[in-house]
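Here is the structure we will look at, set down as structure tokens.
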Amino acid sequence: AALRGDFPHVLEKRFDCSQCGLCAMRCPAELVHYNVSQLGRRLYGRHLYPLEKNVKKRVKEIEEGKFEKELNKLLKADDKELEKLYAGREREPD
């Protein structure tokens, strides 16, 4: 399927793969299957999976500099300040 460029099929067949590498050790063609499946996931995600509206919105916000001030604050913070910010962060309910 990967050689044919059928990446949705690659993902379907490799969904349960834990990428342990046993298939690569046993493959007579010396293929590294977990690398093929990882490539399939990346290509599918980049080129075939439709981009969500919220992702487009967030990328636009980043490009417009919406988060620059907060990012610079984090970059300048020492360890104590980062720990304090982390402990006080807003969290979504489980």
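This one's a predicted model, so the numbers in the text were calculated from it and none came from an experiment. What's counted below: heavy atoms across the whole structure, side chains too, no hydrogens, waters or symmetry copies. We're numbering straight along the sequence, starting at 1.
Applying the 6.0 Å contact sphere to CG of Asp78 captures more than 12 heavy atoms from other residues, nucleotides or ligands. The number of heavy-atom neighbours closer than 6.0 Å to CZ of Arg89, taken from other residues, nucleotides and ligands shown, is above 12. Dense packing is recorded around CD of Glu68, with more than 12 heavy atoms of other residues, nucleotides or ligands lying under 6.0 Å away. Residue Phe67 places its CZ atom among more than 12 non-hydrogen atoms of other residues, nucleotides or ligands, all under 6.0 Å distant.
With values rounded to the nearest 0.5 angstrom, Lys76 atom NZ is found 13.0 Å from Glu81 atom CD. For the atom pair Arg46 CZ and Leu51 CG, the distance stands at 8.5 Å (nearest 0.5 Å). For the atom pair Cys20 SG and Met25 CE, the distance stands at 7.5 Å (nearest 0.5 Å). Rounding to the nearest 0.5 Å places NE2 of His33 at 10.5 Å from CG of Asn35.
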Step-by-step side chain to side chain contact (heavy atoms under 4.5 Å, CB included) determination, Leu74 to Leu85: CA-CA 9 Å; Leu74 290 172; Leu85 290 168; 3.8 Å; yes
Derivation of the side chain to side chain contact (heavy atoms under 4.5 Å, CB included) call for Leu71 and Leu75: CA-CA 6 Å; Leu71 178 61; Leu75 291 172; 4.1 Å; yes
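Salt bridge annotation for Lys56-Glu52: absent, with no cationic side-chain nitrogen under 4.0 angstrom from a carboxylate oxygen. Between Glu61 and Arg58, at least one side-chain N (NZ, or NE/NH1/NH2) sits under 4.0 Å from a carboxylate O, which counts as a salt bridge.
The cationic group of Arg41 does not satisfy the cation-pi geometry with Tyr44, failing either the under 6.0 Å distance to the six-membered ring centre or the 45° limit from the ring axis.
Closest heavy-atom contact between Leu48 and Pro8: CD1-CD, 4.0 Å.
Leu43 and Tyr49 end up in the same hydrophobic cluster when Ile, Leu, Val, Met, Phe, Trp and Tyr side chains are linked at under 4.5 Å.
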